[in-house]
Chemist: 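After the structure tokens below, expect a handful of questions from me.
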Amino acid sequence: MFIPVYQPELSGNEKKYVNECLDTNWISAKGRFVKDFEKGIAEYLGVNHAVSVSNGTVALHLALMTLGIGEGDEVILPSLTYVASANAVTYTGATPVFADSLYESWQIDPADVERKITDKTKAIMVVHLYGQPCDMDAIMKIAKAHNLYVIEDCAEAFGSKYKGRCVGGFGDISAFSFYGNKTITTGEGGMVVTNDKALAERAAHIKDQGMSLEREYWHDIIGYNYRMTNICAAIGLAQLEQADDFIARKIQVADWYKTYLKDTPVECPPEVQDTKNTYWMFSVLLPKADQRDALRAALKEAGIETRPLFHPIHWMPMYEQRELSLKVAEDLGMRGINLPSWPGLTEEQVKYICEQIRKFYQ
């Protein structure tokens, strides 16, 4: 038996739509699926505009460029996140400034965000880590008080909700990823979303090599080729049609984990009031950091693939700030494990995984 940490579900119209691309020769960045997918994402999330791109990191970079973030600016973001969040800031010439997390949600600490604001701060980037929304009321209040932009990194939180609204519609601009292990996938792909028409038009302009809308093949800015292909969009549209089912099944997987991990030493992710966690990854905390490698090895021996929680970025060589003390992010990063979390996981498989964890602690 082998249970992967994640695998996509491709049981809908993916093949039908991709074959339509092949049959009609619309395989690159033009074709009906690109626009249909953008429209579908905007409607699903309840936002006004969606601009498709080639991957999630590109979505973050494009969002930052669209806001005019650049050299001399600072962007505050959590240290406990995937490195792409910080890399995208660095691509613009701006400086990532790392904030701590909260134990009660594993998300960015608004109080630490406020402490990190300087006269160079231009934006706050929140990351809805592992599907759990951040405290957007607190973040937006801080941003308004200090006249800062808010970028939402929603790569891991498609369909997650804060006070009844999907994440991605709270900040000035937001980024999604549709990599193969995300809740819905295009293989590689991403989306920039916003409620601001001017920002959406600017993002679309930059991502298409700065192509003028008024003059054919006239480029009036330095742009980028960040376009999504029609084939990727076709897969994405088929995935979007199944999104509610995928999310419901992932929440069911999380509920099984919570049931079968009761009375074990591991700690399940916190439940946060007024939020809907879509559990991109179901993650647990171990009692001690020095148990993680041993437990992962034992699970691997039992045919179960796992991942560590993200390492805090301020410990990584290119961003290293060892003098920076972010105690919660560091503790979570050292004690956390991601368990298999895909929609097709069965109750028997979850029960088996939990039995192996229980066996490790006996």
Chemist: If we only count heavy atoms from C-beta on, is the His146 to Val113 side-chain gap below 4.5 Å?
Modeler: no
Chemist: Kindly indicate, with the supporting measurements, whether the criterion side chain to side chain contact (heavy atoms under 4.5 Å, CB included) is fulfilled by Arg215 and Asp220.
Modeler: CA-CA 10 Å; Arg215 187 176 177 184; Asp220 48 24; over 6 Å; no
Chemist: May I ask you to say whether Lys35 pairs ionically with Glu38, meaning some side-chain N is under 4.0 Å from a carboxylate O?
Modeler: yes
Chemist: Counting only N and O atoms by type, is there a donor-acceptor contact under 3.5 Å from the side chain of Trp315 to the main-chain atoms of Glu330?
Modeler: no
Chemist: Can you pull out every ring pair (Phe, Tyr, Trp, His ring centres under 6.0 Å) where at least one residue sits in residues 216-235? Sequence neighbours excluded, please.
Modeler: His61-Tyr224, His61-Tyr226, Tyr224-Tyr226
Chemist: Could you walk me through whether Glu305 and Gln7 pass the side chain to side chain donor-acceptor pair (under 3.5 Å) check?
Modeler: CA-CA 11 Å; Glu305 185 182 23; Gln7 65 181 25; over 6 Å; no
Chemist: Between Asn13 and Ala238, is there a donor-acceptor pair closer than 3.5 Å when you use the side chain of the first and the backbone of the second?
Modeler: no
Chemist: Before accepting this row, confirm whether a basic side-chain N of the pair Asp245/Arg249 lies closer than 4.0 Å to the acidic partner's carboxylate O.
Modeler: yes
Chemist: Can you confirm whether Arg115 sits close enough to Asp109 that some side-chain heavy atom of one is under 4.5 Å from a side-chain heavy atom of the other?
Modeler: yes
Chemist: For residues Ile353 and Tyr257, determine if any side-chain heavy atom of one lies less than 4.5 Å from a side-chain heavy atom of the other.
Modeler: yes
Chemist: Between Trp280 and Tyr130, what is the ring plane arrangement, given parallel below 30°, perpendicular above 60°, and tilted in between?
Modeler: parallel
Chemist: Would you say Phe37 ends up clustered with Phe158 if hydrophobic residues are merged whenever their side chains have heavy atoms under 4.5 Å apart, either directly or through other cluster members?
Modeler: yes
Chemist: Asp135 versus Leu102: any side-chain heavy-atom pair under 4.5 Å?
Modeler: no
Chemist: Is Thr186 reaching over with its side chain to a backbone N or O of Ile235, donor-acceptor style, under 3.5 angstrom?
Modeler: no
Chemist: Quick one: do Asp331 and Lys327 make a salt bridge, cutoff under 4.0 Å?
Modeler: no
Chemist: Do side-chain atoms of Lys250 reach the backbone of Ser341 as a donor and acceptor pair under 3.5 angstrom?
Modeler: yes
Chemist: Using a 6.0 Å cut-off, check whether atom CD of Glu320 has over 12 heavy atoms from anything other than its own residue.
Modeler: yes
Chemist: Do you know the tightest heavy-atom contact between Leu286 and Ile337?
Modeler: CD1-CD1, 3.7 Å
Chemist: Counting only heavy atoms not in Tyr179 (residues, nucleotides, ligands), do more than 12 fall under 6.0 Å from its OH?
Modeler: no
Chemist: Please check if atom CZ in Phe310 has more than 12 non-hydrogen atoms from other residues, nucleotides or ligands closer than 6.0 Å.
Modeler: yes
Chemist: Take atom CH2 in Trp256; do more than 12 heavy atoms of anything else shown fall under 6.0 Å from it?
Modeler: yes
Chemist: Would you find more than 12 non-hydrogen atoms of other residues, nucleotides or ligands less than 6.0 Å from Tyr319 atom OH?
Modeler: yes
Chemist: Could you pull out the closest heavy-atom pair between Asp73 and Lys122, with the gap in Å?
Modeler: OD2-NZ, 3.6 Å
Chemist: How about Thr275 and Ser160: do any of their side-chain heavy atoms sit closer than 4.5 Å?
Modeler: no
